[in-house]
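Each ligand, and each atom within it, is numbered from 1 in the order the structure gives. Nothing here was measured: the structure is a model prediction, and the numbers come from that model.
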Amino acid sequence: MVAEILQLLHERVQPGVTTFELDQFAEKQCIKWKARPAFKGYGGFPFTICASPNDRVVHGFPDRKQLQDGDILSIDFGLIIDGFYGDSAITVPVGKIDAVTQQLLYVTQDSLTCGIAASVAGGRLSDISNAVQTRIEKEGFSVVRDFVGHGIGRKLHEDPQIPNYGAPGRGAQLQEGMTFAIEPMVNSGLSGVKVLDDGWTAVTVDGQYSAHFEHTIAVTENGPEILTRI
Ligand code: MG
Ligand code: MG
C-alpha cells in the first residue's frame, strides 16, 4: 500500500505542482485505503508526507510553493494498517535535472540496493551500514550522519538504529523475521545538515542538493525481501 501510494505521488510530480497538493492527495489515498498515515501527529509532525526539495534532506513540511523545472523532491511516506507500519521514500526529478543531480539520485538509490543486499541472516547489522557507505563514497558523495535507518513493525521507529556508515561485522546478528527501514540520505556536497526553526526540516549546511531513498524490508530464509515495492 505504501508503494502504491508513493507511485501515485511520483506520477503527480511535475513543474507547477505544490507539495501541499501532494500531501492532500496522500491523505485522501490513506482514507480511501482505510489506512492511517504514519507520520501525521508523530511527535507533533503536522503532515501526511515529508516533502524535502533540493537542499532539504528529510522531514520537510509540504507547502504551497510550486515545484520548478530542475528541482528534485524527496517524498517520505508511511502508513499503518492492522497495527503494522510501512515506511518508504523516493527522490524524483521535477522536469529536467542536470547530470550531477541525476547521478546523485542514481547512486543514492543504488546504495539502498547495496544495503538491502547485505540484509541477510547470519550477517551483522553494520554490514548494511558499510555497504551503503561504500557505494556512496566511491562516487564522491557524502553520507548524512545525523539521521539513520531503523527497525520497524508495530512501531514506526524500533531498535536497532541503522546508520548509513561504519565498519562491517559489528552490531546485532541478523535473523530471519527481522524487519528494517533502510534509508540512505546522501548529499552532493558536505555531509553536514542543520535543522530549521520549524524544528523539523533538515537542510544541507552548504545548500547543495540531497537525496533520500528508503524501503521497508524483511530478512527471510530466501534473503532480503522488499516489502514496500509494487
Ligand atoms: Mg521514511
Ligand atoms: Mg524511516
Can you check whether Lys96's main-chain N or O pairs, donor with acceptor, with Asp69's side chain at less than 3.5 Å?
-> yes
Keeping the roles fixed (side chain from Ser210, backbone from Asp55), state whether a donor-acceptor pair exists under 3.5 Å.
-> no
Does the pair Glu158/Arg154 count as a salt bridge with the N-to-O cut at 4.0 Å?
-> no
Does the separation of the ring centres of His157 and Tyr42 fall below 6.0 angstrom?
-> yes
Is the Mg ion (ligand 2) less than 2.8 Å from an N/O/S atom of His157, whether that atom is in the backbone or a side chain?
-> no
Taking the six-membered ring for Trp, are Phe147 and His59 ring centroids under 6.0 Å apart?
-> yes
Atoms (protein N, O or S; no water) under 2.8 Å from the Mg ion (ligand 1) = 4
If you look only at distance, which donor and acceptor atoms sit under 3.5 Å apart when one is on a side chain in residues 123-130 and the other is two or more places apart or in another chain?
residue : atom : partner : partner atom : Å
Arg124  : NH1  : Gly171  : O            : 3.0
Ser126  : OG   : Ala167  : O            : 2.6
Ser126  : OG   : Gly169  : N            : 3.2
Ser126  : OG   : Arg170  : N            : 2.8
Ser126  : OG   : Arg170  : O            : 3.3
Asp127  : OD1  : Gly169  : N            : 2.7
Asp127  : OD2  : Arg124  : N            : 2.9
Ser129  : OG   : Pro163  : O            : 2.7
Asn130  : ND2  : Gly166  : O            : 2.9

